[in-house]
Amino acid sequence: MPRTRAGLLSAYQRHLSLQRDLSQHTVRAYLVDVGDLLSFLGVGEGDAEPVEPALATLDLADLRDWLAAQAADGRSRATLARRSASVRTFSTWAFEEGLLASDVAVRLRAPRVDNRLPGVLTTQQAAQLLKTAADLASDGNALAARDLAIIETLYATGVRVSELVGLDVTDLDHSQRTLRVLGKGRKERTVPYGVPAARALENWLGRRPEICASDAGAALFLGARGRRIDPRAVRDIVHRLCAAAQVPDLGPHGLRHSAATHVLSGGADLRSVQEILGHSSLATTQRYTHVSAERLRSVYEQAFPRA
């Protein structure tokens, strides 16, 4: 039976979720990418129009044209690299499903990603951010207590925002001061946190019942309506607190980079930081050594008379 565009995307979504076991965030991004490609090619624009005839003519030149159009629109190299990976996954699946005569994307090259890290907070700026969040939480407001616990947890553990919002109350080990985190590829890891984060979390857990909805389940962090908090809400919290603290506005991922940089600058070894951050490759963690080295050179040049 011929497939419509909606049917194609639905089947592809099932493949990504059930067979590839990808996260909801990744599945959503891959579907957006494929939908964009289909629109660029004019495939399945009508609700009942079959996609097979148009897909049968898809070739490598079409994919390169699609990426070139996005580059012309100002898409970053990181976005283009991710979209290249996304379409390679789709091409392999479509070939296996008999929708393509060959895996047309197998020779598609992704642009080289700029591995430079975004800016990070200094330790003084991080301290100012956390102090501001603590001052705002001192009035006894439950949401302010939640915001403090969120910002402390992000900085203390370096977890991704997607990992933070997925945390349950049962993922906390208060006696060991550790979090059980479900990372990319559903890989589980244990991450330690310090005394300030422990205090903030305990205070928030004491206030959590005040806003907890009946269908919140075991979600650790709740939104204003009492259900599991959304990643966008966490980003808004971080941006707002950065503005209040008058520190660079880096967002949740900037706090992750800051935490990794500060841990390495404090003498931690790369393997330990790799485990904390949940990197599958040590090469990803090694990027942080460049930041530490640059900072060390800056201090050296300022302090050493023969620099």
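These numbers come from the heavy atoms of this one structure, side chains and all, not from hydrogens, waters or symmetry mates. A quick note: this is a predicted structure, and the numbers were derived from the prediction, not measured.
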Check: Arg5/Ser39 side-chain N/O donor and acceptor closer than 3.5 Å: yes
Leu143 CG to Leu136 CG distance, which is reported to the nearest 0.5 Å: 12.0 Å
Basic-acidic side-chain contact under 4.0 Å: Asp147, Arg240: yes
No-hydrogen, no-angle side-chain donor-acceptor test under 3.5 Å, Asp36 and Trp66: yes
Ser175 side chain to Asp173 side chain, donor-acceptor N/O pair below 3.5 angstrom: yes
Donor-acceptor under 3.5 Å (Arg77 side chain, Ala71 main chain): no
Leu255 versus Leu129, closest heavy-atom pair with distance: CD2-CD2, 3.7 Å
Gln24, CD: over 12 other non-hydrogen atoms inside 6.0 angstrom: no
Residue pair Thr132 / Ile151, side-chain heavy-atom distance below 4.5 Å: no
Least distance between heavy atoms, Val238 atom then Gly251 atom: CG1-C, 3.6 Å
Member of Ile150, Leu172, Leu148 meeting the side-chain contact (heavy atoms from CB on, under 4.5 Å) criterion with Leu201: Leu172
Sidechain N-carboxylate O distance under 4.0 Å for Glu210, Arg207: yes
Euclidean distance, Leu220 CG relative to Thr170 OG1, rounded to 0.5 Å: 9.0 Å
From CZ (Arg83) to CG (Leu108), nearest 0.5 Å: 13.0 Å
Flag, side chain of Thr79 to backbone of Arg75, donor-acceptor distance under 3.5 Å: no
For Gln125 against Val120, the heavy-atom pair lying closest together: OE1-O, 4.3 Å
CA sep, side-chain torsions, deciding dist, call: Arg256, Leu154, side-chain contact (heavy atoms from CB on, under 4.5 Å): CA-CA 7 Å; Arg256 174 174 165 85; Leu154 285 171; over 6 Å; no
Minimum heavy-atom distance between Leu121 and His262, given as atom pair plus value: O-NE2, 2.7 Å
Over 12 foreign heavy atoms within 6.0 Å of NE2, His239: yes
Test item: Leu63 and Leu58 side chains (from C-beta on) under 4.5 Å apart, heavy atoms: yes
Minimum side-chain heavy-atom gap Asp215-Arg227 below 4.5 Å: yes
Linked, directly or transitively: Leu100 and Leu60 (ILVMFWY side chains, under 4.5 Å): yes
Check: Gln124 and Val247 side chains under 4.5 Å, non-hydrogen atoms: no
Closest contact, heavy atoms only, Pro248 versus Cys242: O-SG, 3.8 Å
Hphob cluster co-occupancy, Val169 + Ile229, side-chain heavy atoms under 4.5 angstrom: yes
N-O pairing of Asp135 and Lys131 below 4.0 Å: yes
Side-chain heavy atoms of Val195 within contact of Arg177, under 4.5 Å: yes
In one Ile/Leu/Val/Met/Phe/Trp/Tyr side-chain cluster, 4.5 Å: Leu31, Leu41: yes
Side chain proximity check, Val27 to Gln13, heavy atoms < 4.5 angstrom: yes
Whether over 12 other heavy atoms sit under 6.0 Å from Arg180 CZ: yes
Arg208 and Leu222, any side-chain heavy atoms less than 4.5 Å apart: yes
Any donor-acceptor pair under 3.5 Å from Glu202 side chain to Arg199 backbone: no
Pair Thr261-Ser258, side-chain donor/acceptor within less than 3.5 Å: no
Donor-acceptor contact present, side-chain Asp21 to main-chain Leu18, <3.5 Å: no
Rounded distance (nearest 0.5 Å) linking atom CG of Leu250 with atom NE2 of His253: 11.5 Å
CG-OG distance between Leu80 and Ser86, expressed to the nearest 0.5 angstrom: 12.0 Å
Side-chain touch Ser162/His25, heavy atoms, less than 4.5 angstrom: no
Heavy-atom donor-acceptor pair, Arg228 side chain to Val165 backbone, under 3.5 Å: yes
Shared hydrophobic cluster, Leu182 / Val159 (ILVMFWY, side-chain heavy atoms < 4.5 Å): no
Backbone N/O of Val87 and side chain of Ser91: donor-acceptor pair under 3.5 Å: no
Ionic contact status for Arg82 with Asp33, cut-off 4.0 Å: yes
Atom pair CZ (Arg3) and CG (Leu9), whose distance is rounded to the nearest 0.5 Å: 10.5 Å
Nearest heavy atoms of Phe221 and Thr153, plus distance in Å: CZ-OG1, 3.9 Å
Arg14-Ser10 side chain donor-acceptor pair, cut-off 3.5 Å: yes
Sidechain-backbone polar pair: Asp171 side chain, Asp168 backbone, donor-acceptor under 3.5 Å: yes
Candidate pair Leu55 and Leu38, rule side-chain contact (heavy atoms from CB on, under 4.5 Å), full reasoning: CA-CA 9 Å; Leu55 277 180; Leu38 295 178; 4.2 Å; yes
Ring geometry between His15 and Tyr12 (parallel below 30°, tilted from 30 to 60°, perpendicular above 60°): parallel
